[in-house]
S.K.: 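Can you read through this structure? Questions will come right after.
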Amino acid sequence: MCRHQPPCPTADSPEHHTATIVSAHPEQGWNLLCNGTIVFDDTGELLPDGRVVNPHRVVGPLTVAA
């Protein structure tokens, strides 16, 4: 699917989320990458074979206003 040189990582690669965005939909909270992966704003991912990668963002400590 990727025509970039050097080619983007495949959807099976550990670095699949670094592929080039081919269709951006920020108003809907997702982007399609050239390797067929859909990346969501919450850092979750949907791989081309239907597998789901759960969100993996780092959440900092909560602070409570005094």
S.K.: Asp12: which residues meet the side chain to side chain contact (heavy atoms under 4.5 Å, CB included) condition with it, sequence neighbours left out?
M.R.: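 Asp12 satisfies side chain to side chain contact (heavy atoms under 4.5 Å, CB included) with Thr10, Arg51 once adjacent residues are dropped.
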S.K.: Who are the side chain to side chain donor-acceptor pair (under 3.5 Å) partners of Gln5, not counting sequence neighbours?
M.R.: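 Side chain to side chain donor-acceptor pair (under 3.5 Å) check on Gln5 returns nothing, list empty.
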S.K.: Could you tell me which non-hydrogen atom of Ala11 sits nearest to which non-hydrogen atom of Leu47, and how far apart they are?
M.R.: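 Nearest heavy atoms, Ala11 then Leu47: O-CD2, 4.2 Å.
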S.K.: Are Cys8 and Asn35 packed together at the side-chain level, in the sense that at least one heavy-atom pair is separated by less than 4.5 angstrom?
M.R.: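 A side-chain contact is absent here, since even the closest heavy-atom pair is not under 4.5 Å.
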S.K.: How close do Val22 and Cys34 get, heavy atom to heavy atom, and via which atoms?
M.R.: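 Nearest pair, atom of Val22 first, then Cys34: CG1-CB, 3.5 Å.
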S.K.: Under the side chain to side chain donor-acceptor pair (under 3.5 Å) rule, collect the residues that match up with His17, sequence neighbours excluded.
M.R.: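 Listed in chain order: nothing, the list is empty.
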S.K.: Between Ala24 and Pro26, which heavy-atom pair has the shortest distance, and what is it?
M.R.: C-CD, 3.5 Å
S.K.: Among residues at least two apart in sequence or on other chains, which ones pass side chain to side chain contact (heavy atoms under 4.5 Å, CB included) with Leu46?
M.R.: Ile38, Phe40, Val52
S.K.: Measure the CG-CD distance between Asn54 and Glu45 for me, rounded to the nearest 0.5 Å.
M.R.: 10.0 Å
S.K.: Could you grab the distance from atom CD1 of Ile21 to atom CG of Leu33, nearest 0.5 Å is fine?
M.R.: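 The distance works out to 6.5 Å.
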S.K.: Rounded to the nearest 0.5 Å, how far apart are CG of Asp49 and OG1 of Thr37?
M.R.: 9.0 Å
S.K.: From Ser23 OG over to Asn31 CG, what is the distance, rounded to the nearest 0.5 angstrom?
M.R.: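 That separation rounds to 8.0 Å.
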S.K.: Provide the full list of salt bridge (charged side-chain N to carboxylate O under 4.0 Å, His left out) pairs with a residue in residues 15-30, sequence neighbours left out, each pair given once.
M.R.: none
